[in-house]
S.K.: 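Just passing along the structure, written as structure tokens.
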Amino acid sequence: MDNWDEIKTAYQVARMGTVSGAADVLGVHHATVIRHIDAIEGRLGVKLFQRHARGYTATEAGQDLLRVAQATDDQFSQLAGRIKGLGNEVSGDLVITSLISLAPRMVPLLSQFQTLYPDVVLRYLTGERLFRLEYGEAHVAIRAGTVPEQPDNVVQAFHHQHMGLYATREYLRTHGTPKSIEDVKGHRFVGHDSDDSRAPFNRWLRAHIPACVLTFRSTDTRALEIAVKSGAGIGFIPVLEARENPDLVEVFPRQEDWSAPLWLVTHVDLHRTTKVQAFLSYLKEQAKGWDV
């Protein structure tokens with residue numbers, strides 16, 4: 001019973017009662033129908049049909065096959081309907097990935113989106129590694145830096161992540177406020193521990209700030225932000241987030257090359273699904289308030 005073509009053929013013969021009727025339904029030649037019936041009866045060692053002038057009548061064994069095949073056909077039809085429906089509903093898993101530095105802005109939006117679409121199960125994955133959309137690791141990725149060039153991905157310009165150098169008021173009262181980038185002696189800076197960080201503001205920090213004053217380092221961007229807010233030194237924080245914290249003071253004038261473009265990335269196979277489009281439209285509308 002491992003040849004579904006033959007089982008499907010036998011089912012249609014039992015349902016239609018004739019070889020020609022089954023051939024029309026299946027879109028095959030009547031000789032193919034006869035060959036399939038002879039083959040399955042030969043393997044099972046039992047007659048499924050009585051042949052007569054008016055056509056084929058199912059035997060007891062044939063009637064049994066008809067009942068099972070009918071139930072199976074109904075189940076496959078229901079499955080196809082459910083699968084097709086998934087593409088037209090905003091429900092089920094929705095996997096979003098971004099840099100962890102975007103979490104303060106993303107999490108409230110994700111929560112609001114779930115309020116609008118309560119049948120969605122949200123999975124928000126953060127980290128510096130690139131989640132592979134072609135392997136189904138995420139539905140939507142928010143990426144920073146140069147435009148993503150992976151094949152089979154749909155890439156849309158989204159926003160700019162503006163960064164500034166900040167310190168707490170207490171830190172500046174204790175250490176003073178540097179007048180310029182050259183005036184950093186005696187100060188403490190917070191920065192990324194890896195020289196491989198691709199973020200433009202991290203590259204700028206490595207190029208302009210002496211290693212001897214980079215006194216608090218971490219590979220976790222959230223830890224770096226917490227360190228700045230805790231008074232460990234001067235460091236980069238997203239401008240929008242810093243503006244919500246009255247204890248933070250912007251130390252140097254902001255430079256354009258500290259910012260990084262953000263991109264919305266989806267896989268071409270999922271880009272047009274109702275769920276993904278609903279989220280993209282919602283995110284773009286809500287992110288209009290991110291402009292600074």
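Quick caveat: nothing in here was measured; it's all calculated off a predicted structure. Sequence positions, counted from 1, serve as the residue numbers for this chain. Only heavy atoms go into these numbers, but all of them, side chains included; no hydrogens, no water, no symmetry mates.
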S.K.: Can you sort out the partners of W258 under ring pair (Phe, Tyr, Trp, His ring centres under 6.0 Å), two or more places apart, ordered by chain and number?
M.R.: W204, F236
S.K.: Parallel under 30°, tilted from 30 to 60°, perpendicular over 60°: which one fits the rings of F113 and F279?
M.R.: perpendicular
S.K.: Membership question, hydrophobic clusters at under 4.5 Å side-chain separation (ILVMFWY): are F131 and I96 in the same one?
M.R.: no
S.K.: How many angstroms lie between CD in E137 and CZ in R123, if you round to the nearest 0.5 Å?
M.R.: 9.5 Å
S.K.: Restricting to non-hydrogen atoms, name the atom on V46 and the atom on A61 that form the minimum distance, rounded to 0.1 Å.
M.R.: CG2-CB, 4.1 Å
S.K.: Hey, is the main chain of L224 close enough, under 3.5 Å, to the side chain of S218 for a donor-acceptor pair?
M.R.: no
S.K.: How many angstroms lie between atom CG of L283 and atom CD of Q112, to the nearest 0.5 angstrom?
M.R.: 11.0 Å
S.K.: How far apart are the C-alpha atoms of I40 and I7, what are their side-chain angles, what is the distance that settles it, and do they pass the side-chain contact (heavy atoms from CB on, under 4.5 Å) test?
M.R.: CA-CA 7 Å; I40 192 172; I7 296 172; 3.9 Å; yes
S.K.: Please find the pair of heavy atoms, one from G191 and one from L205, that lie closest to each other, and give the distance.
M.R.: CA-CD2, 3.7 Å
S.K.: What verdict does the side-chain contact (heavy atoms from CB on, under 4.5 Å) test give for F189 and V184, after you've listed the backbone C-alpha separation in whole Å, the side-chain angles of each residue and the deciding distance to 0.1 Å?
M.R.: CA-CA 9 Å; F189 278 78; V184 296; 3.8 Å; yes
S.K.: Who are the ring pair (Phe, Tyr, Trp, His ring centres under 6.0 Å) partners of Y124, not counting sequence neighbours?
M.R.: none
S.K.: Determine the minimum heavy-atom distance between A227 and F216, stating which atoms define it.
M.R.: CB-CE2, 3.5 Å
S.K.: A side-chain contact here means heavy atoms from C-beta on lying under 4.5 Å apart; do V95 and L125 qualify?
M.R.: yes
S.K.: Please identify which of these residues, E250, R243, K229, meets the side chain to side chain contact (heavy atoms under 4.5 Å, CB included) condition with I237.
M.R.: K229
S.K.: Rounded to the nearest 0.5 Å, how far does CD1 of I37 lie from CD of Q12?
M.R.: 10.5 Å
S.K.: So, does H267 use its side chain to make a donor-acceptor pair with the main chain of L270 at under 3.5 Å?
M.R.: no
S.K.: Taking the side chain from T32 and the backbone from V28, do they hold a donor-acceptor pair closer than 3.5 Å?
M.R.: no
S.K.: Of all residues at least two apart in sequence or in a different chain, which pass the side-chain hydrogen bond (donor to acceptor under 3.5 Å, both in side chains) check with E256?
M.R.: S259
S.K.: Let me confirm one number: the CG-NE2 distance from L214 to H187, rounded to the nearest 0.5 Å.
M.R.: 14.5 Å
S.K.: With no hydrogens and no angle check, is any side-chain donor or acceptor of T9 less than 3.5 Å from a backbone partner on D5?
M.R.: yes
S.K.: Please find the pair of heavy atoms, one from V268 and one from V154, that lie closest to each other, and give the distance.
M.R.: CA-CG2, 4.0 Å
S.K.: With side chains defined as the heavy atoms from C-beta onward, is the minimum distance between T266 and L280 less than 4.5 Å?
M.R.: yes
S.K.: Yes or no on salt bridge (charged side-chain N to carboxylate O under 4.0 Å, His left out) for E60 and R67, after CA distance, side-chain angles and deciding distance?
M.R.: CA-CA 11 Å; E60 185 177 352; R67 285 191 294 271; over 6 Å; no
S.K.: So, for A157 and W263, which heavy atoms are closest and what is the spacing to 0.1 Å?
M.R.: CA-CE3, 3.6 Å
S.K.: Are V265 and P148 packed together at the side-chain level, in the sense that at least one heavy-atom pair is separated by less than 4.5 angstrom?
M.R.: yes
S.K.: When clusters are formed by joining ILVMFWY residues with side-chain heavy atoms under 4.5 Å apart, either directly or through shared neighbours, do V249 and M163 land in the same one?
M.R.: yes
S.K.: Hey, are the side chains of I142 and L102 touching, using non-hydrogen atoms and a 4.5 Å cut-off?
M.R.: yes
S.K.: Following the transitive rule for hydrophobic clusters with a side-chain heavy-atom cut-off under 4.5 Å over Ile, Leu, Val, Met, Phe, Trp and Tyr, establish whether V107 and L109 coincide in one cluster.
M.R.: yes
S.K.: Is Q156 reaching over with its side chain to a backbone N or O of L264, donor-acceptor style, under 3.5 angstrom?
M.R.: no
S.K.: For a salt bridge (charged side-chain N to carboxylate O under 4.0 Å, His left out) check, start with the C-alpha distance between D38 and R51, then their side-chain angles and the critical distance, and finish with the verdict.
M.R.: CA-CA 12 Å; D38 290 344; R51 281 78 164 168; 3.3 Å; yes
S.K.: Applying side-chain contact (heavy atoms from CB on, under 4.5 Å), run through L94 and K275 and close with a yes or a no.
M.R.: CA-CA 8 Å; L94 179 61; K275 177 166 56 180; 4.0 Å; yes
S.K.: In this structure, are over 12 heavy atoms from other groups packed under 6.0 Å from R105 atom CZ?
M.R.: yes
S.K.: If you measure from OG1 on T97 to CE on M106, what distance do you get to the nearest 0.5 Å?
M.R.: 9.5 Å
S.K.: Would you mind telling me which of I234, V239, V190, L172 makes a side chain to side chain contact (heavy atoms under 4.5 Å, CB included) with Y166?
M.R.: V239
S.K.: Do V140 and L262 share a hydrophobic cluster, counting only Ile, Leu, Val, Met, Phe, Trp and Tyr and linking them when any side-chain heavy atoms are less than 4.5 Å apart?
M.R.: yes
S.K.: List the steps, then state whether side-chain contact (heavy atoms from CB on, under 4.5 Å) holds for T18 with Y56.
M.R.: CA-CA 5 Å; T18 64; Y56 281 41; over 6 Å; no
S.K.: Would S180 and E182 satisfy side-chain hydrogen bond (donor to acceptor under 3.5 Å, both in side chains), going step by step from the backbone distance to the final call?
M.R.: CA-CA 5 Å; S180 66; E182 292 74 23; 3.2 Å; yes
S.K.: Considering non-hydrogen atoms only, spot the tightest contact between V13 and A22 and give its length.
M.R.: CG2-CB, 3.6 Å
S.K.: Just by distance, no angles: are the side chains of H192 and T219 close enough, under 3.5 Å, to form a donor-acceptor pair?
M.R.: no
S.K.: How about V25 and R15: do any of their side-chain heavy atoms sit closer than 4.5 Å?
M.R.: yes
S.K.: With rounding to the nearest 0.5 Å, note down the distance linking CG in L65 to OH in Y11.
M.R.: 10.5 Å
S.K.: Mind checking whether L48 and V68 sit in one hydrophobic cluster, side chains of I, L, V, M, F, W, Y counted as touching below 4.5 Å?
M.R.: no
S.K.: Strictly distance-based, threshold 3.5 Å: is any side-chain N or O of Y171 a donor or acceptor partner for the main-chain N or O of R188?
M.R.: yes
S.K.: Check E225, R222, Q161, E241 against S101 for a side chain to side chain donor-acceptor pair (under 3.5 Å) and give me the one that passes.
M.R.: Q161
